Amino acid sequence: MKSSIFDNKAVIYIQTLVLFITLLIIWYSNYYYTLYWLEGFSFFSTLPDFTSIQMNLPTDIFKYIGAYLLQFFQNPLYGAAIQAGIATFIVLCIEICILRLFKKVPMSWIAFIPIPFFINGQYEDITLERSMQWCMIILLLTVICLLLSIWKKSFFAPKWLQSPFLAIGIPTIILGISIYQLTNKDQFNQHQEQLCQIDYHANHQNWQEILEIIQPNDTHRDEFKLRYALLALSETGQLGDHMFKYGIRDFSQFLFIGNEEPFQRNFNALFYQSLDMPNEIIHQCYQQSLTSPFGFNFKSFRLLTDTYLHIGNYDLANKYLEVLRHTSMHKEWIEERTNQLNSIKQNTSSANAKDNSPFVGNFLETMTSLVEQYPNNKKFADLYLSGILTTKNAAYFYQAFQFVASYLYANGECIPRHFEEALLLISLDDKTILSRYNISKESKQRFHDFLTMYQSNNINTAKLKHAGSYWNYVYFQ
C-alpha cells in the first residue's frame, strides 16, 4: 500500500508542537497579568505544616500539585508554558494510546478531540485542581492502553478514521475552537485580565499607567476601576483636580466596605499601604487570606513581610521570610530584604516596633484622624477634603478647608481645582473667601460661565460644558 505523508510520525509532532506554541502565545499575550495574579492568590510551601493541611483528603493531592505549579506563574512566561503544556500533555498521552493500540498514525487526530472540553474550563481553574485531575485520568488511561497493547498487538480500526482529511482537518478546526475559547468567547475573562493588569500596576506603584488604562467613562459602572482610579489620582496628586470626572458619588467609594472578594481586600490593603497604616494593612492581608483556597496566599505573605520590616518587627518579619524560604521562587526576593532584617535585629527590638496608627472608622473618620495627626501631609488633606466634597455639605467642607489651609495654603499656594470650585460656590454667601484664598482667574471665569448658564436655565449646555466639575456634581447629580 502506498505510504501517505500522514503515516509519518513527524506530522503528529508538528501538529502537537503547533498546538503548544499557539496556546503558549495566547496565554502569554492575552492573560499575562492573570497568570501573575494567579501566583499571588496561590500558596505553596515545603514545610510539613502546609503539606499536612493540604493533604487531608485523597483528592487533595491534585490541589497540592497545582499549588506547586502555580508558584512558577510569578513569571507569566512560565505560567503560559504550564497552561499550554497541560493541554499538550493530554494530546500526547492520547496519541500514545492510539499508536500503541491501532498502529495507525493518521488516526492521531482523535487525540485533539478532548482539548476544547478541557480548555473550556481552564481559565476558571484557579487552583489547577481540575487540570491535575484531567492529567491523572489521561495518565491512567494511557497506562491501561499500554497494558492492552501488551495483551494484543493491534486493534481493528475502520479506514474512514484514517482519512487524510480528518488527520489535517480536525486538529485545525480544534485549534481554531481553542483560540476562540481563550480569546473571544467570554468577555468576562478579558475584563478580569484588565483588572489584573490594573492590580499589577498598583502593586508596583505605576500610578500613571493605571490612569492611562482607566478612562473616566469606564468608572461610572465599574466599582473596581473607580477605586483604583481614585487611588491613582491620590498617589499622583491629582485627586482634588479630577476626581469628579470619574463619577464618584459617595466617600465610601474610596474603599471596599463589607466585601470579602480577593480583589477588594487586596485593594483595601494597597489603600492603607498608601496611607502608611500598618495595622490595617495586616488586617486586610489576613482577611484576604481567608478567601484563598490554600488558606493563605503569596501576595499577602509578601505584603505582610514588607509591613513587618517597615515597622521594625524583627520576630514576625523573620517568621514570614522563613516560610518563604521554603518556596521555589522567592530566593532573590528574600535576599533583597536580608540586610534590612539584619539591621532591625541589630538596632531595635520587636518590643519597640513603632505603632502610630490613627483611629480607623469609616473613610471620613479615618482621614480626619490622619489630618489631625499629620496636618502638613497634602495627600491626606486631599483625600480628607475630597471625601467631604462628596457629601455636598458646604459648611462641613469650609470648616475642614480652613483647618487644612492654615497649614498648606496659608501663603498663596495653588488650590486644587475642585476645592476652588467649592470655595467659589460658598463665596456666593461669603464674599471674603475670594480675597482670603488664592483662587485662579480661570476657575473664577468658569464659575461665572456656569452660573450664567444655570440662571438662564440653559441646563443641558451647563452639564455638557462643565462635566466633571464640583458644580455639576452638586446641581445635577
Side-chain angles (χ1 to χ4, degrees), residues 202 205 207 226-244 246 248-257 267-284 307 310-311 354-427 430 432-433 436-440 443 470 473-474:
Q205 299 186 351
W207 306 111
L226 172 60
R227 284 161 174 79
Y228 277 104
L230 292 174
L231 179 58
L233 288 172
S234 174
E235 290 298 296
T236 55
Q238 303 177 62
L239 186 66
D241 294 306
H242 301 297
M243 78 169 184
F244 286 112
Y246 292 83
I248 187 171
R249 301 175 300 280
D250 190 85
F251 62 79
S252 64
Q253 293 178 304
F254 281 98
L255 278 166
F256 285 106
I257 307 298
F267 173 83
N268 287 354
L270 289 172
F271 179 83
Y272 287 117
Q273 185 181 34
S274 77
L275 301 182
D276 193 18
M277 296 175 63
N279 284 349
E280 270 305 303
I281 297 171
I282 294 166
H283 170 225
Q284 296 297 328
T307 301
H310 176 62
I311 65 177
K354 61 180 181 179
D355 182 9
N356 297 316
S357 296
F359 169 77
V360 178
N362 65 34
F363 175 79
L364 282 182
E365 290 169 343
T366 303
M367 295 316 305
T368 300
S369 179
L370 280 170
V371 168
E372 289 173 350
Q373 231 178 312
Y374 306 100
N376 291 304
N377 188 306
K378 188 177 184 301
K379 179 167 67 174
F380 295 169
D382 284 355
L383 282 164
Y384 174 53
L385 294 175
S386 296
I388 294 174
L389 284 181
T390 65
T391 68
K392 302 183 182 180
N393 188 326
Y396 184 13
F397 172 80
Y398 189 45
Q399 181 183 10
F401 182 82
Q402 286 178 302
F403 174 79
V404 169
S406 64
Y407 291 92
L408 298 177
Y409 306 112
N411 299 310
E413 291 87 350
C414 292
I415 300 171
R417 180 187 180 109
H418 292 323
F419 304 162
E420 286 186 330
E421 291 168 348
L423 290 172
L424 285 165
L425 203 56
I426 298 168
S427 73
D430 183 359
T432 62
I433 288 175
R436 198 176 305 160
Y437 300 111
N438 180 24
I439 300 175
S440 68
S443 289
Y470 178 65
Y473 173 74
V474 170

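Because only heavy atoms are used, hydrogens play no part in the values below, and waters and symmetry mates are left out as well, while side chains stay in. Bear in mind that the values here come from a model prediction, so they are computed numbers and not experimental data. All residue numbers refer to positions in the sequence shown, counting from 1.
Annotation: the span from N362 atom CG to E365 atom CD amounts to 3.5 Å, rounded to 0.5 Å. Note that CE of M277 and CD of Q284 are 10.0 Å apart. Values are rounded to the nearest 0.5 Å. In this structure, the separation between CG on N438 and CD on E420 is 7.5 Å, given to the nearest 0.5 Å. Rounded to the nearest 0.5 angstrom, S252 OG and R227 CZ are separated by 6.5 Å. Residue L408 holds its CG atom at 7.5 Å from NZ of K378, rounded to the nearest 0.5 Å.
At a threshold of 4.5 Å between non-hydrogen side-chain atoms, the residues L389 and F251 do not count as touching. At least one side-chain heavy atom of Y396 sits less than 4.5 Å from a side-chain heavy atom of L364. Between F244 and H242, the closest side-chain pair of non-hydrogen atoms is not below 4.5 Å. Side chains of L370 and N377 form no contact here, defined as non-hydrogen atoms less than 4.5 Å apart. You'll find the side chain of V404 reaches within 4.5 Å of the side chain of Y409, heavy atoms only. Contact of the F254 side chain with the T366 side chain is not registered, since no non-hydrogen atoms from C-beta on lie closer than 4.5 Å. Side-chain atoms of L255 and Y272, non-hydrogen and from C-beta on, do get closer than 4.5 Å to each other. Contact check for E280 versus L275: no side-chain heavy atoms found under the 4.5 Å cut-off.
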Full working for side-chain contact (heavy atoms from CB on, under 4.5 Å) between F363 and F271: CA-CA 11 Å; F363 175 79; F271 179 83; 3.6 Å; yes

Steps toward side-chain contact (heavy atoms from CB on, under 4.5 Å) verdict (L423, Y398): CA-CA 7 Å; L423 290 172; Y398 189 45; 4.0 Å; yes

Evaluation steps, side-chain contact (heavy atoms from CB on, under 4.5 Å), between F419 and F397: CA-CA 9 Å; F419 304 162; F397 172 80; 4.0 Å; yes

Step-by-step side-chain contact (heavy atoms from CB on, under 4.5 Å) determination, Y374 to D276: CA-CA 12 Å; Y374 306 100; D276 193 18; over 6 Å; no

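Annotation for L270 and A202: closest pair CD1-CB, 3.7 Å, computed over non-hydrogen atoms. The heavy-atom pair separating K379 from S234 by the smallest distance is CG-OG, 3.5 Å. Shown here for M243 and I248, the closest heavy-atom pair between the two residues is O-CG2, 3.8 Å. For D382 against P416, the heavy-atom pair with the smallest separation is OD1-CG, 4.2 Å. A269 approaches I281 most closely through the heavy-atom pair O-CG1, 4.0 Å. Closest heavy-atom contact between A394 and I426: O-CD1, 3.7 Å.
Ring-centre distance between F401 and Y437: below the 6.0 Å cut-off.
Listed for the S427 side chain is a donor-acceptor partner under 3.5 Å among the backbone atoms of L424. In this structure, S406 contributes its side chain and F403 its backbone to a donor-acceptor pair below 3.5 Å. No donor-acceptor distance shorter than 3.5 angstrom exists from the side chain of Q253 to the backbone of L226, with no hydrogens or angles considered. Remark: the backbone N or O of A232 is not paired with any side-chain donor or acceptor of E235 at under 3.5 angstrom. Using a distance-only test at 3.5 Å, with no hydrogens or angles considered, a donor-acceptor pair links the side chain of Y473 to the main chain of T390.
Atom CD of Q399 sits in a sparse spot, with 12 or fewer heavy atoms from other residues, nucleotides or ligands closer than 6.0 Å.
Side chains of N268 and H283: a donor-acceptor N/O pair is absent below 3.5 angstrom, by distance only.
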